[in-house]
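First comes the structure, then the notes that go with it.
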There are 2 protein chains.
Amino acid sequence: MTASQTTDLLRQHGLRPTRQRIALASLLFDGHPRHVTAESLKEQVKASGIKLSLATIYNTLHQFTAAGLLKEIKGISDVTWFDTNINSHHHFLDTSNNHLIDIPASSITITNLPKTPAGKVINGVEVIVRLTDG
Amino acid sequence: MTASQTTDLLRQHGLRPTRQRIALASLLFDGHPRHVTAESLKEQVKASGIKLSLATIYNTLHQFTAAGLLKEIKGISDVTWFDTNINSHHHFLDTSNNHLIDIPASSITITNLPKTPAGKVINGVEVIVRLTDG
DNA sequence: TATTTTATTTAAAACCATTCTAATCTACTT
DNA sequence: AAGTAGATTAGAATGGTTTTAAATAAAATA
Ligand SMILES: [Mn+2]
Ligand SMILES: [Mn+2]
Ligand SMILES: [Zn+2]
Ligand SMILES: [Zn+2]
């Protein structure tokens, strides 16, 4: 993607094409799917000779997410949960009150799973069904 | 569960039946399934008039987990991930290197899902397939 | 273009869940 | 009862993330 295409993309999403956003957008939206953390992106940025603050990386990742350019992988929440149900099962996560409700393992079927990468083995499957009010 | 049954349970799992562990075990293993965080458990403990430190709650939750009495709900990891793939899809999480690999949404089927609680609506489904070496 | 307005960036501090440290205390063994 | 290994604790440290507030840059206006 050229610099001017990146600029257009940002403008189309209501974001000023600053030097920092252009740098991050051109790293992120190169056509290949990517999964990044703020730290991993900071390292890529550093490797490419650009200097920008970690706060800007966080700001930008959240702005790109709000604009629909990225999706945050949410997981269960930012605190560690412990479960007295030690059998394999899954969860509803009620985001209105942060409560978990069990879903029996038998409710979920995995079909056509891509083959696991060579030398790897499946260690567990965790399904989170997110609930909101309404 | 009586105090002596709780004591037995702890001993059976190689844990000394201390006052603190007995208190936490009797709150946790009352026969009803529970999902707790260190903070939520601290509040229950406090409400029941027992005094013990947050460090002990963390220690005990991890010891109970190591003993197989609890299961930790792991989520994706302790850092926030952002994904350039904004379509609905799922992930392998390779725990040996903390890398994510996409799994198409079509690979996962949900069947016999318990009915969503009244007034709630499903907002998203996230599946994490955990991989280890071997 | 020069000026003004508004949004953005940044370093540093704050935040918050969790872990660590090291001193004290307790359960078990002899 | 004494000794020892293990457990608890307050408080400090850690690490990812957010906030603050001052400096800078982009857009709008003249
Ligand atoms: Mn966030
Ligand atoms: Mn843990
Ligand atoms: Zn559960
Ligand atoms: Zn993905």
Side-chain angles (χ1 to χ4, degrees), chain A residues 3-4 6-27 35-46 50-67 69-70 72-82 98 100, chain B residues 3-4 6-28 35-46 49-67 69-70 72-82 98 100:
Chain A
S4 117
T6 304
T7 292
D8 290 350
L9 178 75
L10 292 171
R11 274 204 234 276
Q12 280 157 25
H13 288 84
L15 296 167
R16 289 188 181 180
T18 64
R19 187 168 44 79
Q20 292 85 345
R21 286 180 183 148
I22 291 167
L24 293 174
S26 60
L27 284 175
H35 301 97
V36 301
T37 64
E39 276 300 329
S40 79
L41 189 53
K42 193 178 93 176
E43 278 166 36
Q44 277 185 67
V45 160
K46 198 169 154 194
I50 302 155
K51 181 178 157 295
L52 78 191
S53 77
L54 185 58
T56 296
I57 293 178
Y58 276 105
N59 289 343
T60 304
L61 287 171
H62 286 134
Q63 290 154 353
F64 285 4
T65 300
L69 291 165
L70 290 176
E72 187 176 335
I73 303 178
K74 290 228 168 63
I76 210 129
S77 66
D78 47 359
V79 294
T80 304
W81 285 93
F82 293 88
N98 236 53
L100 293 172
Chain B
S4 116
T6 305
T7 293
D8 289 350
L9 179 74
L10 292 171
R11 274 204 236 276
Q12 280 158 22
H13 289 84
L15 295 168
R16 290 189 178 178
T18 64
R19 187 167 44 80
Q20 291 85 346
R21 285 180 184 150
I22 291 167
L24 293 175
S26 59
L27 284 175
L28 288 168
H35 300 97
V36 301
T37 64
E39 276 301 327
S40 78
L41 189 53
K42 192 178 92 175
E43 278 165 37
Q44 276 185 68
V45 161
K46 199 169 152 192
I50 302 155
K51 182 179 157 296
L52 77 190
S53 76
L54 185 57
T56 296
I57 293 179
Y58 275 105
N59 289 342
T60 304
L61 287 171
H62 286 133
Q63 290 155 354
F64 285 4
T65 301
L69 291 166
L70 291 176
E72 187 176 337
I73 304 178
K74 290 229 167 63
I76 209 127
S77 66
D78 47 359
V79 294
T80 305
W81 284 95
F82 294 87
N98 238 50
L100 293 171

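Residue numbers start from 1 in every chain, and the chains themselves are labelled A, B, ... in the order their sequence lines are given, proteins ahead of strands.
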When you check the phosphate oxygens OP1 and OP2 of [N], does a side-chain N or O of [X] lie under 4.0 Å from one of them?
X       : N      : answer
B:Thr80 : D:dT17 : yes
B:Ser53 : D:dT9  : yes
A:His62 : D:dT17 : no
B:Tyr58 : C:dT18 : yes

Measure from [atom1] on [X] to [atom2] on [N] and round the result to the nearest Å.
X       : N      : atom1 : atom2 : value
A:Gln63 : C:dT8  : CD    : P     : 6 Å
A:Glu39 : D:dT18 : CD    : P     : 13 Å
B:Asp78 : C:dT18 : CG    : C1'   : 10 Å
B:Leu10 : C:dT26 : CG    : C1'   : 15 Å
B:Leu24 : D:dA7  : CG    : P     : 14 Å
A:Ile50 : C:dT9  : CD1   : C1'   : 15 Å
A:Ile73 : D:dG16 : CD1   : P     : 17 Å
A:Lys51 : C:dT10 : NZ    : P     : 6 Å

Just verifying a value: how many Å separate A:Leu9 CG and A:Leu15 CG, rounded to the nearest 0.5 Å?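 Answer for the CG-CG pair, A:Leu9 versus A:Leu15, is 8.5 Å.
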Rounded to the nearest 0.5 Å, how far apart are NE2 of B:His35 and CG of A:Asn98?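 Going from the NE2 atom of B:His35 to the CG atom of A:Asn98 covers 12.5 Å.
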Under 3.5 Å donor-acceptor, B:Arg21 side chain and B:Arg16 backbone: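 Yes, B:Arg21 side chain to B:Arg16 backbone: donor-acceptor pair under 3.5 Å.
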Is a side-chain N or O of B:Ser40 found less than 3.5 angstrom from the main chain of B:Val36, in a donor-acceptor match?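 Judged by distance alone, no pair lies under 3.5 Å.
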With heavy atoms under 4.0 Å as the rule, sort A:Lys42 into base, sugar-phosphate or nothing.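 Counting heavy atoms under 4.0 Å across all strands, no contact is made by A:Lys42.
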What nucleic acid atoms does B:Leu52 come within less than 4.0 Å of, heavy atoms only: base, sugar-phosphate, or nothing?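 Contact class for B:Leu52: sugar-phosphate only.
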Checking side chain to side chain contact (heavy atoms under 4.5 Å, CB included) for the pair A:Leu61/B:Trp81: CA distance, chi angles, key distance, verdict? CA-CA 10 Å; A:Leu61 287 171; B:Trp81 284 95; over 6 Å; no
B:Leu52 and B:Leu24: side chain to side chain contact (heavy atoms under 4.5 Å, CB included), yes or no, with the steps? CA-CA 10 Å; B:Leu52 77 190; B:Leu24 293 175; 4.1 Å; yes
DNA chain D: 5'-proximal contact among B:Val79 and B:Asn59 (nearest heavy atom):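 So the residue in question is B:Asn59.
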Nearest heavy atom decides the nucleotide; on that basis, is A:Leu54 or B:Thr37 closer to the 5' end of DNA chain C?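 By nearest-heavy-atom nucleotide position, the 5'-most residue is A:Leu54.
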Look for any protein N or O under 3.5 Å of an N or O in nucleotides 23-30 of chain D and output each such pair with its distance, or none.
| from | atom 1 | to | atom 2 | distance (Å) |
| --- | --- | --- | --- | --- |
| D:dA27 | OP1 | A:Arg11 | NH1 | 2.9 |

Side chains of A:Glu39 and A:Lys42: closer than 4.5 Å at any heavy-atom pair?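 In short, these two side chains touch, coming nearer than 4.5 Å.
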